[in-house]
There are 2 protein chains.
Amino acid sequence: MKQGAFFLAIGDELLDGRVQDKNIHYAGQILGSLGMELKGAQVFPDDVDTLIEVMQQATKTHALLWVSGGLGPTDDDKTLDVLSRAFDVPLEESIEVKSHIAAMAQATGLPNLDRHNRQARVPKGAVHWLNGAGTAPGILFTYEGTDVVCMPGVPRELQWLTQHHLVPRLKSNHSQSTVHSEVLRCFGLPEAGLAQLLEPLVTEFPNIKIQYRPTFPETIVRFISKEAEGDELQTAIGKAQSLLGKTCYGVGTASLEERVIQKLRERGEHLLVAESCTGGLLAQRLSAIPGASKCFWGGVVTYDNTAKTQLLKVQDATLQREGAVSEAVAGEMVQGALALHDESWALSVTGIAGPDGGTPDKPVGTVCFGIGKGDWVKTKRRQLGQWPRAQLQLLSVHVALHWLRREIDG
Amino acid sequence: MKQGAFFLAIGDELLDGRVQDKNIHYAGQILGSLGMELKGAQVFPDDVDTLIEVMQQATKTHALLWVSGGLGPTDDDKTLDVLSRAFDVPLEESIEVKSHIAAMAQATGLPNLDRHNRQARVPKGAVHWLNGAGTAPGILFTYEGTDVVCMPGVPRELQWLTQHHLVPRLKSNHSQSTVHSEVLRCFGLPEAGLAQLLEPLVTEFPNIKIQYRPTFPETIVRFISKEAEGDELQTAIGKAQSLLGKTCYGVGTASLEERVIQKLRERGEHLLVAESCTGGLLAQRLSAIPGASKCFWGGVVTYDNTAKTQLLKVQDATLQREGAVSEAVAGEMVQGALALHDESWALSVTGIAGPDGGTPDKPVGTVCFGIGKGDWVKTKRRQLGQWPRAQLQLLSVHVALHWLRREIDG
């Protein structure tokens, strides 16, 4: 039996570096949400002979062939001719599509050129879907049990046609199969370390697939189950959480900073950050969350030492004696931040992000952190490793937020 | 004769909607800049049998088969096994790769787990490229005249291996066809607007290909010439610059913030930033540049209004009268910043990044900017459009830096 879907993205511009294809990713999300598997995808230029072969091949095993692109008004748009030849159906001009194109042209001020009528051609016997976001229609026909769907390549138009026409059709066709999945968000261990901890689950839950996706500096672990109820999935997730311990900071899609913001908002508490080596990244990650203004008071980026003494009242003597990258300075940064706005949480980061500035005592990757609230302050020093600068900054931000999250929980 | 390249992106996560593939697009750009054609690309799951067939097929007609992904340490990473079976070569453990992985694990503080040794396997007779940005090596071997190259799927690692190893190899292989290319970096006009300005060059320089690559909020315009000397290219670049005017902020790869930092360093001047709606992003973009500490003094993220009055001495009366998003407040933020460290440049941003907080008078996308040095201050108000929050923050940072760059030039 034919099953799953294959996506074919057509266009020279997708291969010569001009345009980043976004339709494959979108198709994967849509199909996944409907419990249908995208089994493969191909990107091809507007080359008739190759495309005919690829389309014929794809319909042999898949229940859905979804094609984007090559439906434009110019001569290098060849998808309709390919369809016609690959599946041996003549093209007919659709009066309805033609008048839709004329109406769209009028509404958007485009000249209604004759060449747009190329876009009014439809394979004989096919269903056409009028395009609410552009001119070229979506097309659907069935060839030997495979649904063949063609849409314009512009993501906005493809998404409009998908939401309004393809999704309703797929929902009615594939209502029987359900897929459950859930993700765990982990920080502090690499993929291989997580896989080792979760090893027992591989044999205990043979019907659950475990996938690892590193998104530096975190790893997202996804559990996928095809059984109908999803009870087994919940059991597996629970066991995974206890195997992973504090390495797993949450279930679901919310990021570390979203969880921190949410916790602070629940408690009506505020946060203030004092950064050196992360240079504003910590503040930026927090303020990127909509609604952060409810609990994120602000921050100070004290890149230069005189900024530390002036804005955060770090002692010159401490800087001289311990150096800017020291637990003592991280602690004074927190105290200086708390003095700016009491009743806040304060978080500080000072480190050597490289590529220069390392010493034998304090190599690149040495980072000191401080945290405080009211009248208590804690500090710690970590060697985060010799990562490139950008990764080291990101890693430092995660260490700081991960620490804050645990301290808020108490 | 075999010619052109085929790209194969491997990974379940690229098809189920979790991850947007970025490697096909990057490969197209790199190959295009070397005058080599990417003839097709495929995205496939970690499914051994299908992959074997696809790889064998791709080597029949292409000079290069470039594979990304499936080289991780876990059991669902199958690329090496596929290679071994598709091209009938045994896998051997490489001592050199093994010790590189151990060294990377040590440098970055990762546990050196046995599982990582899966990544030390290399097809017999293949060249391996040590990965400066991760553990899994790049692999190159030749099968019936086709170069087969495998790299990890993480874009950062793939790009590192490409720049350090693949590009030099392709350059030496294809040295007969020299390709010159140069990029112009543009901000302030969309792709279609730039194309309109550059229209005269299309007819004047028929041998030069002009490609547009939008990387929000900028557009990079690449000029590619296949003639040997590159004189024509330089002439075209010069004409393009005068057609584009201030929209083009530079030739070559350096980013806007790199150019700003470089100019400040050349003049021995410093910079201080005062941010509200960009929440630290402006400071972060500057401090991400190695050597920024020589001229970036620091910044203040005054997210809350009390942070503006306390850290930057913005007047309560001004906030009451004009609102936080106003030229008056942007100006006082600059004055407050200059008071913290005179002889610096100061830059301020305050705006409505959304999704909430817009009013009929000041809709989402209203952003005010201030700039100053010594005893002068300028301000301006812009309506940047109703972009999503993250884009609006990025766009605001670019407007501020673009302004600073022009003011430094005088």
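So that the names make sense, note that chain A is the first sequence line, chain B the second, and so on, each numbered from 1. Quick caveat, the model's predicted, so the values are computed rather than measured.
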Begin from the C-alpha positions of A:Phe7 and B:Val43 and carry the test side-chain contact (heavy atoms from CB on, under 4.5 Å) through to its verdict. CA-CA 9 Å; A:Phe7 197 96; B:Val43 187; over 6 Å; no

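Only the side chain of A:Gln393 comes within contact range of chain B, with heavy atoms under 4.5 Å apart. In this structure, the portion of B:Ile289 lying under 4.5 Å from any heavy atom of chain A is its backbone and not its side chain. For chain A, the nearby parts of B:Pro290 are the backbone and the side chain; heavy atoms of each come within less than 4.5 Å. The part of B:Thr278 that comes within reach of chain A is its backbone (N, CA, C, O), which places non-hydrogen atoms under 4.5 angstrom from that chain. For chain A, no part of B:Val273 is nearby; none of its heavy atoms comes within less than 4.5 Å. Contact annotation for B:Lys308: neither backbone nor side-chain heavy atoms come within less than 4.5 Å of a heavy atom of chain A. For chain A, the nearby parts of B:Leu281 are the backbone and the side chain; heavy atoms of each come within less than 4.5 Å. Contacts between A:Gln391 and chain B at a heavy-atom distance below 4.5 Å involve the side chain alone, from C-beta outward. For chain B, the nearby parts of A:Ala195 are the backbone and the side chain; heavy atoms of each come within less than 4.5 Å. Looking at A:Val19, only its backbone comes within 4.5 Å of chain B, counting heavy atoms on both sides. For B:Asp46, no part lies near chain A; criterion is any non-hydrogen pair under 4.5 Å.
Interatomic distance, CG of A:Leu15 versus CD1 of B:Ile24, reported as 8.0 Å (0.5 Å rounding). In this structure, CG in A:Asp304 is found 6.5 Å from NE2 in B:His341, a value given to the nearest 0.5 Å. Atom CG of A:Leu272 is separated from atom OH of B:Tyr303 by 14.5 Å, given to the nearest 0.5 angstrom.
Using a 4.5 Å cut-off on side-chain heavy atoms (C-beta onward), A:Gln20 and B:Gln20 make contact.
Take A:Glu13 and apply the side chain to side chain donor-acceptor pair (under 3.5 Å) test, not counting sequence neighbours, and it matches no residue.
Interface summary for chain A: among B:Gln29, B:Gln42, B:His270, the most heavy-atom pairs under 4.5 angstrom belong to B:Gln42. Taking B:Lys22, B:Lys39, B:Arg156 one by one and counting their heavy-atom pairs under 4.5 Å with chain A, the maximum is reached by B:Arg156. Most heavy-atom pairs under 4.5 Å with chain B: of the set A:Asp356, A:Leu8, A:Leu311, A:Leu395, this distinction falls to A:Leu311. Counting heavy-atom pairs under 4.5 Å between each of B:Ala41, B:Ala283, B:Gly280 and chain A puts B:Ala41 at the top. Among B:Ser276, B:Gly357, B:Gly40, B:Ala133, the residue making the largest number of heavy-atom pairs under 4.5 Å with chain A is B:Gly40.
Pairs passing the side-chain hydrogen bond (donor to acceptor under 3.5 Å, both in side chains) check and including a residue from residues 279-295 of chain A, sequence neighbours excluded, read A:Glu257-A:Arg285.
Around CD of A:Glu53, the count of heavy atoms belonging to other residues, nucleotides or ligands within 6.0 Å does not exceed 12.
Side-chain N or O atoms of B:Gln310 include one that pairs as donor or acceptor with a backbone N or O of A:Leu340 at under 3.5 Å.
Between B:Asp12 and A:Lys209 there is a salt bridge, since a side-chain N of the basic residue sits under 4.0 Å from a carboxylate O of the acidic one.
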